[in-house]
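Written below as structure tokens is the structure these notes are about.
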Amino acid sequence: MIMLKKSKQSLIMAASLFLLFIIFTVMVKTIDVRPIGPEQSSVGFASVNKFVFELFGVNPLWYNVSEWMGAAAMATAFGFAMAGLFQLVTRRSIRKVDVPILVLGAFYGILAACYVFFEVVVINYRPVILTQGSVLEASFPSSHTMASICIMATAMIEFHDYLRKRRGWLMAADTAAVLILVLTVVGRMLSGVHWFTDIVAGVILSAALIALFCLALQYTEERYGRAGTADSRK
């Protein structure tokens, strides 16, 4: 009953955050929409976005920092993917792969789908053209913000499962994850390659996706036990 209550709370949280993201997206498309971007591209909350953009300007150093941190986040995702592949090869059955790893793989698939969706369904474009001769690029939500928060937050959840008996390693992993996450979000904001609302949307959507991930983990705990390993499914 306790686990069912937690799942219900996570479901409500995830649904609320997704609804908030949808409402915010509609607001960006309808409130104070003006052509303040390159090639007269329009963006909502124009006054706020213009003020923040002019406040920080374009900073190549922070852009590079956010790129490096984004690469570190992707390397973390790759590491978990390789762990899942190793389990699949050595255990010779996907049913014997730890359930948290399978849930994480499905989560990465959803994250990739969100990225593709907003590349096709363009809400607004970047406030700058990054390279000479390039075209306008989709900017909402900030994909670096979304990927970094989602990957590193879920990595921390996994770390607390797999490293719970190694407190030194766990503390180091948590510290690195938080550092990567914060530097990516701050770097993306200060670099000037996103509007302020792009960053906010990335944070909200990330929170919704993480809540969905937690819901999936709680469901597997209810069904398979704490670890969700192959042994617990026998």
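Residues Y63 and V58 are members of one and the same hydrophobic cluster, defined by side-chain heavy-atom contacts under 4.5 angstrom among Ile, Leu, Val, Met, Phe, Trp and Tyr. V26 and I123 fall into different hydrophobic clusters, defined by Ile, Leu, Val, Met, Phe, Trp and Tyr side-chain heavy atoms under 4.5 Å apart, directly or through other members. In terms of hydrophobic clustering, with Ile, Leu, Val, Met, Phe, Trp and Tyr side chains grouped at heavy-atom distances under 4.5 Å, M171 and L179 are assigned to different clusters. I204 and I22 sit in two unconnected hydrophobic clusters of ILVMFWY residues. Membership requires side-chain heavy atoms under 4.5 Å apart, directly or through other members. In terms of hydrophobic clustering, with Ile, Leu, Val, Met, Phe, Trp and Tyr side chains grouped at heavy-atom distances under 4.5 Å, F159 and F86 are assigned to different clusters.
Note on ring orientation: taking the six-membered ring where Trp is involved, the planes of F140 and F24 are parallel (angle under 30°, cut-offs 30° and 60°).
Within the 4.5 Å cutoff, the side chain of E39 has heavy atoms near those of the I129 side chain. Looking at L104 and T154, their side chains come closer than 4.5 Å, going by heavy atoms from C-beta outward. A heavy-atom distance below 4.5 Å is not found between the side chains of P141 and H194. Residues V186 and W62 form a side-chain contact, since some pair of their non-hydrogen atoms from C-beta on lies under 4.5 Å apart.
In terms of heavy atoms, P35 sits closest to Q40 at CB-O, 3.2 Å. Annotation for L217 and I157: closest pair CD1-CG2, 3.6 Å, computed over non-hydrogen atoms. The shortest heavy-atom contact between L170 and L163 is CB-O, 3.8 Å. Contact record, Y115 with S143: CD1-CB, 3.6 Å, taken as the closest heavy-atom pair. Between S148 and T184, the shortest heavy-atom distance links the atoms OG-OG1, 3.2 Å. Summarising the geometry of F196 relative to N49, their closest heavy-atom pair is N-OD1, 3.1 Å, with the distance given to 0.1 Å.
A distance of 11.0 Å separates CD1 in I180 from OG1 in T175, rounded to the nearest 0.5 Å. Distance check, rounded to the nearest 0.5 Å: NZ of K96 to OG1 of T90 gives 10.0 Å.
N59 places no side-chain N or O within donor-acceptor distance of the main-chain N or O of G192, the cut-off being under 3.5 Å. The backbone N or O of E67 sits nowhere less than 3.5 Å from a side-chain atom of H144 that would complete a donor-acceptor pair. With hydrogens and angles disregarded, a donor-acceptor distance shorter than 3.5 Å links the side chain of S191 to the backbone of G187. In this structure, the side chain of R126 engages the main chain of V193 through a donor-acceptor pair within 3.5 Å. The backbone N or O of T145 lies less than 3.5 Å from no partner atom in the side chain of R188, so there is not a single donor-acceptor pair. No donor-acceptor pair closer than 3.5 Å links the side chain of N124 to the backbone N or O of G44.
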Test log, rule salt bridge (Lys or Arg N to Asp or Glu O under 4.0 Å), inputs D32 and K50: CA-CA 11 Å; D32 190 20; K50 184 177 181 181; over 6 Å; no

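A ring-centre distance under 6.0 Å is not found for F51 and F45.
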